[in-house]
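The structure under discussion appears below in the form of structure tokens.
Within every chain, numbering begins at 1; the chains are lettered A, B, ... in the order of the sequence lines, protein sequences first and strands thereafter. Atom set for the values below is all heavy atoms of this structure, side chains included, hydrogens, waters and symmetry mates excluded.
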Amino acid sequence: MAKHTDIARVLAEQKTGEKIEVKGWVRAFRANRFIALNDGSGANNLQVVVDFEQFDESVIKGISFHSCIAVSGTLVESQGSGQAVELQADTIEILGGNDLEKYPLQPKRQTMEFLRENAHFRMRTNTFSSVFRLRHALAFAVHSFFNEEGFYYMHTPIITGSDAEGAGEMFQVTTLDVKDSPKTDEGQVDYSQDFFGKATNLTVSGQLQAEIGALAMGKVYTFGPTFRAENSNTSRHLAEFWMIEPEVAFADLKDNMDLAEAFVKYLINYVLDKYMDDLNILDARIQQEEKNMKAELRRPMGLIETLRFVVDNEFARITYTEAINLLRSSKPYKKGRFEYDVEWGVDLQAEHERWLVEKKFQKPVIVTDYPKDIKAFYMRMNDDGKTVAAMDILFPGIGEVVGGSQREERLNVLMDRMTEMDVHHDELDWYLDLRRFGGNKHAGFGLGFERIVQFITGMTNIRDVIAFPRTPGSAEF
RNA sequence: GCCUCAGUAGCUCAGCUGGUUAGAGCGGCGGACUGUUAAUCCGUAGGUCGUAGGUUCGAGCCCUACCUGAGGCGCCA
């Protein structure tokens, strides 16, 4: 390891009088004297003070925006008001110069779209380095929470041979020559000659495999990449995203809701506790951005205020049927403001969810017990025969962040539901075996990692909380 | 996949009912500046107006198609 010190550590310890070396990227060089240096270790810059007469002109010229430098010197108390300590430079080495005539980024406000096109440089900006530190922190907190709760982390397969998961369009995985694939007698592609001897896809969910884990290990969770080949063009969808799927034996829907709520609050508390510098940067960014917006388009609360509000209040919990009744007696419904009708048996539209979350309750809302016909085959049938023990958690601005259910553990009921929904029994025989041999009730949910990162960072487009977004028509970098 | 909007300098934008040589701020480059905080000041270069057609005496501006991006919707996490 190099002998240099992380800037985050220098700023935290403030050991003035010590000789240190730091390495990082120049954020600004002011008055031929002050370098704002950042190495990504934290949100704050270290101010380096340069006596330019002591340095070669080529060195001074090399200190430019986002050039990479090493500085050694003495940490001293700062005379300026913007920082407590600063580094008085003895030596400066230009590790990587920067040709500003060709470099796309500039020390000014730039659009998210432009930075997305330059995703190989955007992590050097305040906003994105904060977003990606928080992304790391949240990923770490996911494991921390489940570990503390006695869950086991389970790696479910990325390549799946099952096409019965029913969670959306899949990306096919094959080593066959797509231009000249072997054919069966019927003229279809002969997948028996493919790498796995059958047709395979990228996973759309690890849930069914996680159920195997839960019915042996008690409490498990998955956290891995997930792939959906849907042509979704929104600020909340990615073709490749990361999903967290806990699965718990002996749990019912209520336990499931309690777990999901505690989990989300743990994640938020974790970063409120440890990453306030980054949250402050993002909070200030949003305030700046909303300055010129009409009042009705602004967030009702600041970012940090919103996060505190979410952890300090119980999530609203209502059934689908109650949601329908609330919507039907709502002002926009009576005035005909909804584009889509509100009718029992039809899934809630985005405008309905927004009304519930942003107008009626103004906090996260858990909607439970949806009609069986709009939910997946594996969800447990309720006694009314019309609804299933499903739950969705809806967040302001983002919509569905969590989707889960108590699973159907009764073999005959499950088989009837599969028949009803045209899911072939033979393809999921192993799944049925879990009910045949030592089964019990269990429940779980899926949480879209990027969506919770979006909520916590206040980024409005999901493409800005993953380093290299994959969306329809776009797989750059 | 559907609907709407946008594309003018490196970036962010202005450009009147179609009318001479297309503007600004920031950034770049050259210079000044030893307590700055998106530093400041002086000077300077930089444009096939997304692409291809069309209408017109004349198109950055009007029309058509396509490309790219954004917002909304659907599908979902």
Side-chain angles (χ1 to χ4, degrees), chain A residues 27-36 44-55 60-61 64-66 76 78-83 86 88-89 98-118 125-126 165-169 204-207 223 225-245 260 284 288 297 339-340 347-354 374-376 392-395 398-404 445-455 460-464 471-474 476:
Chain A
R27 289 285 177 84
F29 186 31
R30 291 183 286 266
N32 240 3
R33 187 157 169 76
F34 302 101
I35 303 169
N44 297 311
N45 301 330
L46 174 67
Q47 173 151 294
V48 176
V49 183
V50 183
D51 242 334
F52 68 69
E53 284 182 344
Q54 290 180 19
F55 294 90
I60 297 295
K61 285 234 190 290
S64 54
F65 180 63
H66 283 186
V76 297
S78 178
Q79 298 169 37
S81 57
Q83 56 284 316
E86 60 194 19
Q88 186 69 49
N98 200 6
D99 182 355
L100 295 182
E101 282 194 87
K102 293 184 182 137
Y103 188 60
L105 268 54
Q106 293 172 24
K108 62 175 243 180
R109 183 158 293 275
Q110 304 193 101
T111 59
M112 290 296 137
E113 294 78 29
F114 177 75
L115 291 169
R116 207 175 294 147
E117 284 171 18
N118 293 283
T125 66
N126 279 338
E165 288 164 16
E169 294 297 311
V204 292
S205 164
Q207 180 206 312
F223 183 7
T226 310
F227 307 88
R228 304 267 168 102
E230 245 128 43
N231 194 7
S232 300
N233 294 289
T234 81
S235 56
R236 317 179 288 284
H237 287 87
L238 291 165
E240 176 182 295
F241 63 100
W242 288 68
M243 187 157 64
I244 296 143
E245 295 177 288
Q288 182 70 31
L297 291 174
E339 193 186 333
Y340 293 87
D347 209 357
L348 300 176
Q349 301 296 314
E351 58 178 356
H352 305 143
E353 294 182 352
R354 293 187 79 116
I374 59 173
K375 288 291 180 186
D392 285 358
I393 306 187
L394 311 174
F395 268 67
I398 298 165
E400 187 178 342
V401 170
V402 171
F445 60 84
L447 180 141
F449 184 59
E450 282 78 12
R451 288 193 180 169
I452 201 73
V453 177
Q454 245 190 300
F455 179 75
T460 50
N461 194 316
I462 198 163
R463 291 160 206 171
D464 298 329
T471 54
S474 173
E476 299 304 308

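- One interatomic measurement links the two molecules: CD of A/Glu353 to P of B/C73, which rounds to 10 Å at whole-angstrom precision.
- RNA chain B is contacted by both A/Tyr340 and A/Gln79; A/Gln79 maps to the nucleotide lying nearer its 5′ end (nearest heavy atom per residue).
- Going from the C1' atom of B/G28 to that of B/U21 covers 25 Å, rounded to whole Å.
- Distance, A/Ile393 CD1 to B/C76 P: 18 Å, rounded to whole Å.
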Subject >> Letter per nucleotide, 5' to 3', of nucleotides 28-34 of chain B [B base touched, S only sugar-phosphate touched, - untouched; heavy atoms, 4.0 Å] >> reply: S--S-BB
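- A/Phe29 places none of its side-chain heavy atoms less than 4.5 Å from the side chain of A/Phe34.
- The listed nucleotides are B/C73, B/G35, B/A70; the one nearest the side chain of A/Glu86 is B/G35.
- Here, B/G50 and B/G15 have their P atoms 15 Å apart, quoted to the whole Å.
- A/Glu339 comes within contact range of no nucleotide atom at all, as no heavy-atom separation falls under 4.0 Å.
- A/Thr234 comes within contact range of at least one nucleobase, with a heavy-atom separation under 4.0 Å.
- Remark: C1' of B/G1 and CD of A/Glu169 are 12 Å apart, rounded to the nearest angstrom.
- For A/Ala350, taking side-chain heavy atoms from C-beta onward, the closest of the listed nucleotides B/U36, B/U12, B/C73 is B/C73.
- For A/Phe449 and A/Phe241, the ring centers sit 6.0 Å or farther from each other.
- Annotation: B/C49 and B/C62 have their P atoms spaced 15 Å apart (nearest Å).
- In this structure, the side chains of A/Arg228 and A/Glu169 stay at 4.5 Å or more apart for every pair of heavy atoms.
- When heavy atoms are screened at a 4.0 angstrom cut-off, A/Leu238 is found touching base atoms of the nucleic acid.
- Within 4.0 Å of A/Ala36, counting heavy atoms only, lies no atom of the nucleic acid at all.
- With C1' as the reference atom, B/A24 and B/U8 are 13 Å apart, rounded to whole Å.
- For the P atoms, the distance from B/C13 to B/C76 is 35 Å, rounded to whole Å.
- Nucleotide B/G43 has B/C29 as its partner under the Watson-Crick or G-U criteria, with both atom distances under 3.5 Å.
- Rounded to an integer number of Å, the gap from CD of A/Glu476 to P of B/U68 is 11 Å.
- Going from atom CG of A/Asn126 over to atom C1' of B/U37 covers 12 Å, rounded to whole Å.
- A/Gly80 comes within 4.0 angstrom of a nucleotide base, judged by non-hydrogen atoms across all strands.
- Nearest heavy-atom pair, A/Asn98 versus A/Phe65, reported as atom, atom and distance to 0.1 Å: ND2-O, 2.7 Å.
- A/Asn32 has its side chain out of reach of A/Val50: every pair of non-hydrogen atoms, C-beta onward, lies at least 4.5 Å apart.
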Hey, can you pull the donor-acceptor pairs under 3.5 Å for the side chains in residues 103-113 of chain A, sequence neighbours left out?
residue: A/Tyr103; atom: OH; partner: A/His66; partner atom: ND1; Å: 2.7
residue: A/Tyr103; atom: OH; partner: A/Arg124; partner atom: NH1; Å: 3.2
residue: A/Thr111; atom: OG1; partner: A/Phe114; partner atom: N; Å: 3.2

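- For the pair A/Tyr103 and A/Phe241, nearest-nucleotide mapping onto RNA chain B gives the more 5' position to A/Tyr103.
- For A/Asn461, a side-chain nitrogen or oxygen approaches OP1 or OP2 of B/G71 to under 4.0 Å.
- One can place NZ of A/Lys108 at 18 Å from C1' of B/U40, the figure rounded to the nearest angstrom.
- Atoms CG (A/Asn118) and P (B/G27) sit 18 Å apart, rounded to a whole Å.
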Original post:
Stepwise, does the side chain to side chain contact (heavy atoms under 4.5 Å, CB included) test hold for A/Leu46 with A/Glu86?
Top reply: CA-CA 6 Å; A/Leu46 174 67; A/Glu86 60 194 19; 5.6 Å; no
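- Searching all strands for a Watson-Crick or G-U wobble partner of B/C75 with both distances below 3.5 Å returns nothing.
- Closest to the side chain of A/Asn233, out of B/C73, B/G27, B/U36, is B/C73.
- Looking at A/Arg451 and A/Glu400, their side chains come closer than 4.5 Å, going by heavy atoms from C-beta outward.
- Nucleotide B/A6: paired with B/U68 (Watson-Crick or G-U wobble, both distances less than 3.5 Å).
- Using a 4.0 Å heavy-atom cutoff across all strands shown, A/Glu245 reaches no nucleic acid atom at all.
- Taking atom C1' in both B/A38 and B/G1, the straight-line distance is 43 Å, to the nearest Å.
- For the OP1/OP2 pair of B/U37 and a distance below 4.0 Å, the side-chain nitrogens and oxygens of A/Gln47 include no atom meeting the criterion.
- Pair check for B/A59 finds none; no Watson-Crick or G-U wobble contact set falls under 3.5 Å.
- In this structure, CZ in A/Arg27 is found 7.0 Å from OG1 in A/Thr125, a value given to the nearest 0.5 Å.
- Proximity of A/Ser235 to the phosphate of B/G72: a side-chain N or O atom is located under 4.0 Å from OP1 or OP2.
- For B/A14, there is no paired nucleotide, since no Watson-Crick or G-U wobble pair has both relevant distances below 3.5 Å.
- Between the side chain of A/Gln454 and the backbone N or O of A/Thr460, at least one donor-acceptor pair lies under 3.5 Å.
- Residue contacts for A/Glu113: at a heavy-atom cut-off of 4.0 Å it reaches the sugar-phosphate backbone alone, with no base atom in range.
- At a cut-off of 3.5 angstrom, counting only N and O atoms as typed in the model, there is no donor on one side facing an acceptor on the other between the side-chain of A/Glu117 and the base of B/U68.
- Of the candidate nucleotides B/A77, B/G27, B/A39, B/A39 has the atom nearest to the side chain of A/Ala28.
- For A/Ser232 and B/C75, the shortest distance from a side-chain N or O to OP1 or OP2 is not below 4.0 Å.
- Contact annotation: A/Arg463 side-chain N/O to B/A70 OP1/OP2 distance is under 4.0 Å.
- Looking at A/Phe395 and A/Ile452, their side chains come closer than 4.5 Å, going by heavy atoms from C-beta outward.
- Separating the CZ atom of A/Phe114 from the C1' atom of B/C26 is a distance of 13 Å, rounded to the nearest angstrom.
- In this model, the phosphate group of B/C13 is not approached by any side-chain N or O of A/Arg109 to a distance below 4.0 Å at OP1 or OP2.
- Spacing of P atoms, B/C5 relative to B/A65, comes out at 14 Å, to the nearest Å.
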